[in-house]
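Take a look at the structure below.
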2 protein chains.
Amino acid sequence: MIPGITNAQGASLLLEALAQRGMRLTGPRRRLVEAIASQKGLFTAEGVHSVVPEVGRATVFRTLKTLVGMGLLCRVPMEHGAPRYGLASRLHHHHLVCVACGEVRDFVRPEVEAILHRLASSADLRVLGHRLEVYVLCAHCQQKEGACSALPLA
Amino acid sequence: MIPGITNAQGASLLLEALAQRGMRLTGPRRRLVEAIASQKGLFTAEGVHSVVPEVGRATVFRTLKTLVGMGLLCRVPMEHGAPRYGLASRLHHHHLVCVACGEVRDFVRPEVEAILHRLASSADLRVLGHRLEVYVLCAHCQQKEGACSALPLA
DNA sequence: CGCATTAGTGATACCTGGTATCATTTTATC
DNA sequence: GATAAAATGATACCAGGTATCACTAATGCG
Ligand SMILES: [Mn+2]
Ligand SMILES: [Mn+2]
Ligand SMILES: [Zn+2]
Ligand SMILES: [Zn+2]
């Protein structure tokens, strides 16, 4: 669910992106993408499949993989439990993951890139990519003091 | 394999740490820890098991988990293929992973922590932890232009 | 040392996230 | 509408890892 637009609009955006790359807009794809666009925050493959159980499991994984490969979804592995998927901004970004409610927020800190650039040039490395994930308790969840089911990577 | 000391010394360090926490120094544990201490860079559960195949598979995973839990090993998930394990320094650190040869180097950049601290206080978040992994081509591997079998998380 | 207690082991079966296969269906194009 | 290529989904399979549980062995005490 992208803030500020409807789920249907979000689904259309994904479908357009698929069409632009020459992928066919099949029935299962449409329904699956609609289910994905309706998810709040991060979701699991299982979770989105349960919304459209008539779509085959293989198709669910295939489509998620395609969308991740296209940069439209992020895949966030967790230390315990299934990896989570989430709608991605198109640009490079990092993740703020609330370990209690699972909400994920993208953030950008150009300083991080600057640090890595300095690190690389001082050590004769070629940086190919990086991943920064920050595990937090969001403002909302700091009240509740609840349990968190799926701890992220420490 | 810890630079500057022998494998036997490295194994002893791990065994001491286990004993200090009241864990028994069993035969399988000794042989497994010896195999772990002899690994160069990152290794897979499968890889270390193949060195001591007489130790049960369950014991391999149990022991790796214990050592990770104690902070003596790091577990580095890869996008494709099995997660890698590596000897950890005790302090918080980040990872420089060469995607070609698999070599991993720990590094520390206090600036990263400073950035996250600022981020947290400005957004009313409680930071519980974070993970920064940088995927590089090391100086040595920039020559070879070889294939890399297991791409890390993009 | 000898024994009891208890942690640890490992064979087995099982679980989960995901993929290969492949006959069948559906889409896009002409 | 015919055609060719892409997609689907049932099925079987794979890999990393865990639960079970009868058995083994490290430890600690007398
Ligand atoms: Mn993201
Ligand atoms: Mn490390
Ligand atoms: Zn939260
Ligand atoms: Zn290298």
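These numbers come from the heavy atoms of this one structure, side chains and all, not from hydrogens, waters or symmetry mates. Here is how names work: the chains are called A, B, and so on, in the same order as the sequence lines, proteins then strands, and each is numbered from 1. Values in this document were obtained by computation on a predicted structure and should not be read as measured data.
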State the NE2-CG distance between A:H95 and A:L42, to the nearest 0.5 angstrom.
7.5 Å

Should A:R75 and A:L73 be marked as a side-chain contact (heavy atoms from CB on, under 4.5 Å) after you check the CA-CA gap, both sets of side-chain angles, and the distance that decides it?
CA-CA 7 Å; A:R75 202 184 101 121; A:L73 287 186; over 6 Å; no

Taking OP1 and OP2 of C:dT9, is either one under 4.0 Å from a side-chain nitrogen or oxygen of B:R31?
no

Members sharing B:F61's hydrophobic cluster, built from side-chain contacts under 4.5 Å between Ile, Leu, Val, Met, Phe, Trp and Tyr, are none

Can you check the B:H80 NE2 to C:dG17 P distance for me, whole Å?
18 Å

Protein-nucleotide distance (B:R21, atom CZ; C:dA7, atom C1'), rounded to Å:
17 Å

Under the side chain to side chain donor-acceptor pair (under 3.5 Å) definition, can you give me all pairs with a residue in residues 60-74 of chain A, not counting sequence neighbours?
A:T59-A:R62

Closest contact, heavy atoms only, A:V60 versus A:L32:
CA-CD2, 3.8 Å

Could you go through residues 44-51 of chain A and list every donor-acceptor pair under 3.5 Å that involves a side-chain atom there, pairing it with any protein atom two or more places apart or in another chain?
unit_1	atom_1	unit_2	atom_2	d
A:T44	OG1	A:G47	N	2.8
A:H49	NE2	A:V55	O	2.8
A:S50	OG	A:G47	O	2.6

Interatomic distance where CG belongs to B:L64 and P belongs to C:dG10 [whole Å]
14 Å

Rounded to the nearest Å, what distance is computed from the CZ atom of residue A:R84 to the C1' atom of nucleotide C:dG17?
13 Å

Along DNA chain D, 5' to 3', what are the outermost nucleotides having an atom less than 4.0 Å from a heavy atom of chain B?
D:dG16 to D:dT27

Output one letter per nucleotide in nucleotides 21-30 of chain C: B when a protein non-hydrogen atom lies under 4.0 Å from the base, S when only the sugar-phosphate is that close, - when neither is.
------BS--

For the student: nearest non-hydrogen atoms of A:L137 and A:Q142, plus distance
O-NE2, 3.1 Å

Considering only residues two or more places apart or on different chains, which pairs with a residue in residues 101-121 of chain B satisfy ring pair (Phe, Tyr, Trp, His ring centres under 6.0 Å)?
B:H94-B:F107

C:dG18 base / A:R57 side chain donor-acceptor hit below 3.5 Å:
yes

Pairs meeting criterion salt bridge (charged side-chain N to carboxylate O under 4.0 Å, His left out) with involvement of residues 97-115 of chain A, two or more places apart
A:E111-B:R118

Tell me the interatomic distance from B:L18, atom CG, to C:dA7, atom P, rounded to whole angstroms.
16 Å

Of all pairs that satisfy side chain to side chain donor-acceptor pair (under 3.5 Å), the ones with a partner from residues 23-41 of chain B, not counting sequence neighbours:
B:R31-B:E54

Give a yes/no on whether any side-chain N or O of A:Y85 is located under 4.0 angstrom from OP1 or OP2 of C:dG17.
no

Output all residues satisfying side chain to side chain contact (heavy atoms under 4.5 Å, CB included) with B:A88, sequence neighbours left out; order by chain, then residue number.
B:C74, B:H93

To 10°, what angle do the rotation axes through the five end pairs on each side of the helix from C:dC1-D:dG30 to C:dC30-D:dG1 form?
30°

Contact list please: residues 35-55 of chain B against DNA chain C, heavy atoms, distance less than 4.0 Å, in numerical order.
B:E54, B:V55

With A:T6 via side chain to side chain contact (heavy atoms under 4.5 Å, CB included) - residues at least two apart:
A:A8, A:Q9

Grab the two heavy atoms, one from B:L72 and one from B:A17, that are nearest each other, plus how far apart they are.
CD1-CB, 3.6 Å

